[in-house]
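These notes concern the structure reproduced below.
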Amino acid sequence: MEKLVSLCKRRGFLFQSGEIYGGLNGFWDYGPLGVELKRNIKDAWWRDMVTGHDDLTAPAGAPTSYEMTGLDCTIIMHPQIWKCSGHYDLFHDMMQTCRQCKRLLRSDHVWDMMRDSDWVKSLGTACGFELSDEQVEIDRNKLVKWAKSKGKRAAPGLALVRDPEAPWLGELGATIATKDLLSSMATENAAETGLQTPCPDCGGDLTEPREFNLMFETYVGAIRDEKNKTFLRPETAQGIFVNFKNVLDSSRIKIPFGVAQIGKSFRNEVTPRNFTFRSREFEQMEIEFFCHPESSRHWYEYWRDRRMKWYEGLGLSSERLQLREHPADELSHYSRGTSDIEYAFPFLAEGHFGELEGIAHRGDFDLRSHMEGKLDEKSNPLQLQLGPDGQPKWRGSGKDLSYFDADAFEGDKDGLGVKSFKQYVEGRKEDADPGKPYQYIPHVIEPSAGADRAALAFLCEGYTEDEQPDDKGKMQTRTVMRLHPRIAPIKCAVFPLVKKDGMPEVAKEIYRALKPHFNVFYDEKGAVGRRYRRQDETGTPFCITVDGQTLQDQTVTVRDRDSLEQIRVKVDDCVAEITGRMG
Ligand code: GAP
């Protein structure tokens, strides 16, 4: 991972935001190559999910054909949206503070971070154990020796370092689980406080977990009071739900259909970490797919499989990808089924996977919340949450967000013995067919992806080292970024072999012919081998070289980054050749 992070900075994929001022934790800037990579990922997603989607044909695995459209909503929205959606009351992480160094930590990350903690590694090396669930034998002398020497610098907050003669040390049994040992070492007085959780940074004791809302607050207008307070959106999804009726009324779209949106989201993550994986500002690519309740399970399965294939199609290997269905106790209160597409990011422990995208069956939760008001997460079936005064805790818009299926109704109305929907509604209470309601609150299937996480996964997957001969035939380690041509920042580099004999002129002509079609790079500096290496590192899939033979027969070499195969192609065929190879 260190090698990848360093390459990303060196070659201009990613920089820490505000680096010249020491950086701002959890914020990342995309450099000249990174911006192209991320844009290509977003473009591929939009093209594959929205503009390239065939509205007329049922794709493999889908119950029927469906329509797709898009939106681009604001980042700052009406504050009531977040109250009704539940984010205002419930979008929390549990957080702990170190009493010694004052660092804030997300409770569910603490033990993962302990695995990477420098002081835990130092202690483990000195005393011969690793952090695990296994029982270890205690050698008190080694523990105390470490606390008086290396521990002083590595873990100044640790209770045992602050008092290496701690009397409780003698109370520990002969063997103990490493977690309990580390917690004991962080505890001054177990009888008073119980075992304390240690800080992964300094070893200090952590406070009890408390709730921390992840939404960034801001104020609209000049007066900074509660009335004007609103939030930077923590997801793009809500903009789609609150525009559901606008989309229906302004287009001829019919259920089933999906609305896509790509945009920035903001979460004041307690412990942003693992490069861009958990950032405080990031981009999401979300689809809210509206369908009939009866077919919603089928649509959920369709989207789960469809999204998984998308990542595979762009080059993520199936061994590092997995689709994980959430067990019932992990589901959000509104969810009727959720699956995560997960990737084995290299910063995770062996065999661990991190979320790339979530696909959730959200039932009618979202549209109902914006109609009626915040639903009570403890109710089942979900009911409007009331405040102490018996009124809705957070009042919804009151707008009717149900869907009237005019086509189905028209087809059935003679059989129902009515002339109009109004007549049907008036008389339907007793004799309506419950299996075929013509007006219903659609169910929502939500494939929700992160553009930054996708970029990170493609970078992790692409980073490879192999051995190749240099210009003098000596074997050298080559770093290659094996990015799929569709998402590679530069599609093709054009080189004259040498900067003379008319070669640059021909190379520049080829560059100009390719440029209207692709992002192409021209380079005439240095040995050609070094130029190839630079392009390999940036993920450029193809290089065209003009050499002595070009001047005789108007052919050039086209080199493939991955196979290293070189073939000769006519100068006039370069555009067609690269187009054909783009995949
Ligand atoms: N509307 C549903 C929703 O927002 P989520 O699982 O919280 O669901 C969806 O987020 C995706 O957004 C995640 O799978 C991930 O790719 C991305 N994401 C979420 N939090 C992120 C963060 N702090 N940094 C980078 N990406 C994040």
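Atoms within a ligand are numbered from 1 in the order they appear, just like the ligands themselves. No hydrogens, no waters, no symmetry mates; every other heavy atom, side chains included, goes into these values. The structure displayed is predicted, hence computed values, not measured ones.
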Query - Side chain, backbone, both or neither: the part of Glu269 lying under 4.0 Å from ligand 1 by heavy atom - result: side chain
Query raised in the report: So which protein heavy atom does atom 24 (N) of ligand 1 come closest to, and at what separation?
Result: Ser279 N, 3.0 Å
Query raised in the report: For ligand 1, is there an N or O atom under 3.5 Å from any N or O atom of Thr276?
Result: no
**Report entry** Residue and atom name of the nearest protein heavy atom (relative to atom 11 (C) of ligand 1), distance in Å to one decimal
**Finding:** Ser448 O, 3.7 Å
Query raised in the report: Are any of the N/O atoms in Glu446 less than 3.5 Å from those in ligand 1?
Result: yes
Query raised in the report: If you count the atoms of ligand 1 from 1 in the order shown, which ones are under 4.0 Å from a heavy atom of Gly450?
Result: 16 (O), 17 (C)
Requested in this report: With heavy atoms of Glu286 as the reference, note each atom of ligand 1 found under 4.0 Å away.
Outcome: 1 (N), 2 (C), 3 (C), 4 (O)
Query raised in the report: Do any heavy atoms of Leu356 fall under 4.0 Å from ligand 1?
Result: yes
Query raised in the report: So, is the end of the Arg280 side chain (NZ or CZ) under 6.0 Å from the ring centre of Phe282 and within 45° of the ring's axis?
Result: no
**Report entry** Any N or O of Arg362 closer than 3.5 Å to N or O of ligand 1
**Finding:** no
Query raised in the report: Looking at the rings of His292 and Tyr403, which for Trp means the six-membered one, are their centres under 6.0 Å apart?
Result: no
Query raised in the report: Short N/O distance, under 3.5 Å, between Ala237 and ligand 1?
Result: no
Requested in this report: Starting from the C-alpha separation in whole Å, work towards a yes-or-no answer on side chain to side chain donor-acceptor pair (under 3.5 Å) for Asp29 and Gln16.
Outcome: CA-CA 6 Å; Asp29 294 335; Gln16 190 169 23; over 6 Å; no
Query raised in the report: Got an N/O contact under 3.5 Å between Arg278 and ligand 1?
Result: no
Query raised in the report: So, does Arg267 use its side chain to make a donor-acceptor pair with the main chain of Pro234 at under 3.5 Å?
Result: yes
Report summary line: Per-atom filter on ligand 1: closer than 4.0 angstrom to a heavy atom of Glu355 are 6 (O), 13 (C), 14 (O)
Requested in this report: May I ask you to check whether Phe290 and Trp299 place their ring centres under 6.0 Å from each other?
Outcome: no
Requested in this report: Measure the acute angle between the ring planes of Phe216 and Phe27, then classify it against the limits of 30° and 60° as parallel, tilted or perpendicular.
Outcome: tilted
Query raised in the report: Is a side-chain donor or acceptor of Trp28 paired with a backbone partner of Phe275 at a separation under 3.5 angstrom?
Result: yes
**Report entry** atom 5 (P) of ligand 1 - nearest protein heavy atom and its distance
**Finding:** Arg267 NH2, 3.9 Å
Requested in this report: Measure up the Phe347 and Phe277 rings against each other and bin them: parallel (under 30°), tilted (30 to 60°), perpendicular (over 60°).
Outcome: perpendicular
For residues 68-80, which side-chain donor-acceptor pairs fall under 3.5 Å, sequence neighbours excluded?
| from | atom 1 | to | atom 2 | distance (Å) |
| --- | --- | --- | --- | --- |
| Thr74 | OG1 | Ile76 | O | 2.8 |
| His78 | ND1 | Gln80 | N | 3.0 |
| Gln80 | NE2 | Arg395 | O | 2.9 |

Query - Asp364 side chain vs Ile441 backbone, donor-acceptor pair below 3.5 Å - result: no
**Report entry** For atom 15 (C) of ligand 1, the protein heavy atom that lies nearest, with its residue and separation
**Finding:** Arg453 NH1, 3.5 Å
Query raised in the report: Is it the case that more than 12 heavy atoms not belonging to Arg224 sit under 6.0 Å from its CZ atom?
Result: no
Report task. Of the side chain and backbone of Glu357, name the one, both, or neither that has a heavy atom under 4.0 Å from an atom of ligand 1. Result -> backbone
Query raised in the report: N/O to N/O below 3.5 Å, does that happen between Phe277 and ligand 1?
Result: yes
Query raised in the report: Which residue owns the protein heavy atom closest to atom 18 (N) of ligand 1, what's the atom, and how far is it?
Result: Phe282 CE1, 3.5 Å
Report task. List the closest protein heavy-atom neighbour of atom 10 (O) of ligand 1: residue, atom name, distance to the nearest 0.1 Å. Result -> Gln284 NE2, 3.3 Å
